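Please read all numbers here as calculations on a predicted model, not as lab measurements.
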Amino acid sequence: MASSALARISNLQRHIDPTESNHNKGGSDGFCGDLIKISPEVSEALSRGDAVVALESTIISHGMPYPLNLETAKEVEAIVRTNGAVPATIAILDGIPCVGLSMEELERLAILGKRVQKTARRDIALVVASRKNGATTVSASMFFASMVGIPVFVTGGIGGVHRHGEHTMDISSDLTELGRTPVAVVSAGVKSILDIPRTLEYLETQGVCVAAYKTNEFPAFFTETSGCKVPCRVDGPEDYANVKLKLNTGVLFAVPIPKEHSASGSIIESAIQRALKEARDKNITGNAETPFLLSKVNELTGGASLAANMALVKNNALVGTRIAVALAQLRKSCNKVGNAESVS
């Protein structure tokens, strides 16, 4: 058993070498090398250069209760398809990283819920080696998306610097992943349970371009504004695509929650403060803290925060898909020009 686990870790290490990440985007068997299982739909889209949108699975297993999580996952994938791209939900199933899930696999994740291990980049080797199921966070989803060549990833909100992070050093691996993985992340900003100003400072240190959609202010997940200005504003998907093409690190595209779904900032903030106090009293820390806080805030707001969460995820999927389509069209156009020039 130990030797089998060791062999799987060794196999994983060979494949996470950055120099190999763009060499094989999936063969006819639907696998990237012999590590990542890519669905036929995603594999075909990538081979044609069509738009593909990566989606995380933590929101399915840890972000919402069943069956609401399954319904939301299906609706988000439908939004991506309706607007011209192929959805690629990412998860680890029985130790195999999967890019693009079937309806049966989505339902399996939704039913298992929190029994599926929340998997950030640091956890990938363990989950794969032990043949467990893993719900990928932003950092792990970005990692696998980059490996198979998917340039756009949609989520609800990214992790960040936790409140009082200057004392605890509790900083999400999402931020360092953005600094080293060339994937565009579309989110409603940073979860408002976190320290938004310090998160933006940390992203600056990591060299991450932060752009906001049709606004000059960084959104605060449940609400449209945070009081923090952004260094870059874009007003359409083509602008996003142009920004993405010119950088080798990740890019954070912050999309404000639609006004009609925006929760009252004071109500949310009051709930957050109460949830934070309870988390401290119960000594809830690490990767268990964010799910606890989101669940508690939803409870304290009478379900308003969960409804807002669902709305912003769907809106992000719409905007992210338009970015992916614009980026695919731009790349195809560039390839045509390049081919014409080489012929001449």
Query - ILVMFWY cluster, V80 and L318 together (side-chain gap under 4.5 Å) - result: no
Query raised in the report: Counting only N and O atoms by type, is there a donor-acceptor contact under 3.5 Å from the side chain of E177 to the main-chain atoms of V138?
Result: no
Query raised in the report: Of all heavy-atom pairs between F218 and A254, which one has the smallest distance, and what is that distance?
Result: CE1-CB, 3.7 Å
Requested in this report: State whether the side chain of N309 and the backbone N or O of S305 hold a donor-acceptor pair below 3.5 Å, judged by distance alone.
Outcome: no
Query raised in the report: What are the two closest heavy atoms between I150 and A88, and how far apart are they?
Result: CD1-CB, 3.8 Å
Report task. Apply the test side-chain contact (heavy atoms from CB on, under 4.5 Å) to residues H162 and I171: give CA-CA distance (whole Å), side-chain angles for both, the deciding distance (0.1 Å), then the verdict. Result -> CA-CA 6 Å; H162 280 251; I171 301 171; over 6 Å; no
Requested in this report: Could you tell me whether the side chain of S333 and the main chain of Q329 form a donor-acceptor pair under 3.5 Å?
Outcome: no
Report task. Find out whether V86 and L46 are in side-chain contact, i.e. whether some heavy atom of one side chain is under 4.5 Å from a heavy atom of the other. Result -> no
Query raised in the report: If you take all heavy atoms of T321 and G84, which pair is closest and at what distance?
Result: CG2-N, 4.4 Å
Report task. Show your working on side-chain contact (heavy atoms from CB on, under 4.5 Å) between L294 and N298 and close with a plain yes or no. Result -> CA-CA 6 Å; L294 289 175; N298 180 58; over 6 Å; no
Query raised in the report: Side-chain contact, heavy-atom cut-off 4.5 Å: V251 with V183?
Result: no
Query - Verdict with supporting geometry, E104 and R108, salt bridge (charged side-chain N to carboxylate O under 4.0 Å, His left out) - result: CA-CA 6 Å; E104 292 76 15; R108 179 183 174 191; over 6 Å; no
**Report entry** Pair F222-H261, side-chain contact (heavy atoms from CB on, under 4.5 Å): steps then yes or no
**Finding:** CA-CA 8 Å; F222 292 124; H261 297 290; over 6 Å; no
Requested in this report: Identify the heavy atoms of F292 and A275 that sit nearest to each other, and give their distance.
Outcome: CE2-O, 3.7 Å
Query raised in the report: Say you draw a straight line from CG of L194 to OG of S172; how long is it, rounded to the nearest 0.5 Å?
Result: 8.0 Å
**Report entry** Distance in Å, D174 CG paired with T181 OG1, rounded so as to fall on 0.5 Å steps
**Finding:** 11.0 Å
Query raised in the report: Does A120 offer a backbone N or O that forms a donor-acceptor pair with the side chain of S139 under 3.5 Å?
Result: no
Report summary line: Scanning both residues in full, the closest heavy-atom pair of I90 with S57 reads O-OG, 2.7 Å
Requested in this report: Find out if a path of hydrophobic residues (ILVMFWY) with successive side-chain heavy-atom gaps under 4.5 Å connects V325 to V186.
Outcome: no
Requested in this report: Measure from the side-chain N and O atoms of S43 to the backbone N and O of S39, and report whether any donor-acceptor pair falls under 3.5 Å.
Outcome: no
Requested in this report: State the OG1-NE2 distance between T290 and H62, to the nearest 0.5 angstrom.
Outcome: 12.0 Å
Requested in this report: List the steps and the verdict of side-chain hydrogen bond (donor to acceptor under 3.5 Å, both in side chains) for E56 and T136.
Outcome: CA-CA 6 Å; E56 64 162 296; T136 53; over 6 Å; no
Query - Side chain T215, main chain E217, donor-acceptor under 3.5 Å - result: yes
**Report entry** Side-chain heavy-atom pair V154, P87 within 4.5 angstrom cut-off
**Finding:** no
Query - Minimum side-chain heavy-atom gap I257-T223 below 4.5 Å - result: no
Query raised in the report: Does I79 belong to the same Ile/Leu/Val/Met/Phe/Trp/Tyr cluster as F253, with side-chain heavy atoms less than 4.5 Å apart forming each link?
Result: no
Query - Reported NZ-to-CE distance for the pair K74 and M103, which is rounded to 0.5 angstrom - result: 6.5 Å
**Report entry** Results of ring pair (Phe, Tyr, Trp, His ring centres under 6.0 Å) for Y213 - residues two or more places apart only
**Finding:** Y240
Report task. Tell me, yes or no, whether the heavy-atom count around R233 atom CZ, taken from other residues, nucleotides or ligands under 6.0 Å, exceeds 12. Result -> yes
Query raised in the report: If you draw a 6.0 Å radius around NZ in K132, do more than 12 non-hydrogen atoms from other residues or ligands fall strictly inside?
Result: no
Query raised in the report: Who are the side-chain hydrogen bond (donor to acceptor under 3.5 Å, both in side chains) partners of K277, not counting sequence neighbours?
Result: D281
Requested in this report: First locate atom CZ of R180, then atom OG of S146, and finally report the distance between them rounded to the nearest 0.5 Å.
Outcome: 11.0 Å
Query raised in the report: Is V116 close to L109 at the side-chain level, that is, under 4.5 Å between some pair of heavy atoms?
Result: yes
**Report entry** Side-chain heavy-atom pair I193, R163 within 4.5 angstrom cut-off
**Finding:** no
**Report entry** Stepwise side-chain contact (heavy atoms from CB on, under 4.5 Å) check, I124 with T119
**Finding:** CA-CA 6 Å; I124 293 172; T119 306; 4.2 Å; yes
Requested in this report: Please indicate whether R122 has more than 12 foreign heavy atoms, meaning atoms of other residues, nucleotides or ligands, lying under 6.0 Å from its CZ.
Outcome: no
Query raised in the report: Within the distance-only criterion (no hydrogens, no angle test), does the side chain of N69 pair as donor or acceptor with the backbone N or O of A110 below 3.5 angstrom?
Result: yes
Requested in this report: Flag the pair I36 / I38 as yes when at least one side-chain heavy-atom distance between them is below 4.5 Å, and no otherwise.
Outcome: yes
Query raised in the report: What is the distance from atom SG of C98 to atom CD of E105, rounded to the nearest 0.5 Å?
Result: 5.5 Å
Report task. Flag the pair E278 and K282 as a salt bridge only when some basic side-chain nitrogen lies within less than 4.0 angstrom of an acidic carboxylate oxygen. Result -> yes
Query raised in the report: Counting only N and O atoms by type, is there a donor-acceptor contact under 3.5 Å from the side chain of S295 to the main-chain atoms of P291?
Result: no
Query raised in the report: Can you check whether T58's main-chain N or O pairs, donor with acceptor, with S61's side chain at less than 3.5 Å?
Result: no
Query - Min side-chain heavy-atom separation N316-T155 under 4.5 Å - result: no
Query raised in the report: Under the 3.5 angstrom rule, does the side chain of D50 hit a backbone N or O of A45 as a donor-acceptor pair?
Result: no
**Report entry** Shared hydrophobic cluster, I272 / L300 (ILVMFWY, side-chain heavy atoms < 4.5 Å)
**Finding:** no
Requested in this report: Show the numbers, then the answer: is there a salt bridge (charged side-chain N to carboxylate O under 4.0 Å, His left out) between R81 and E41?
Outcome: CA-CA 11 Å; R81 285 196 175 91; E41 182 185 23; 2.8 Å; yes
Requested in this report: Just jot down the salt bridge (Lys or Arg N to Asp or Glu O under 4.0 Å) partners of E107, sequence neighbours excluded, or say none.
Outcome: none
Report summary line: For G157 and F221, the nearest pair of non-hydrogen atoms, with its separation, is N-CE1, 3.5 Å
Query - Under-4.0 Å salt bridge between K296 and E299 - result: yes
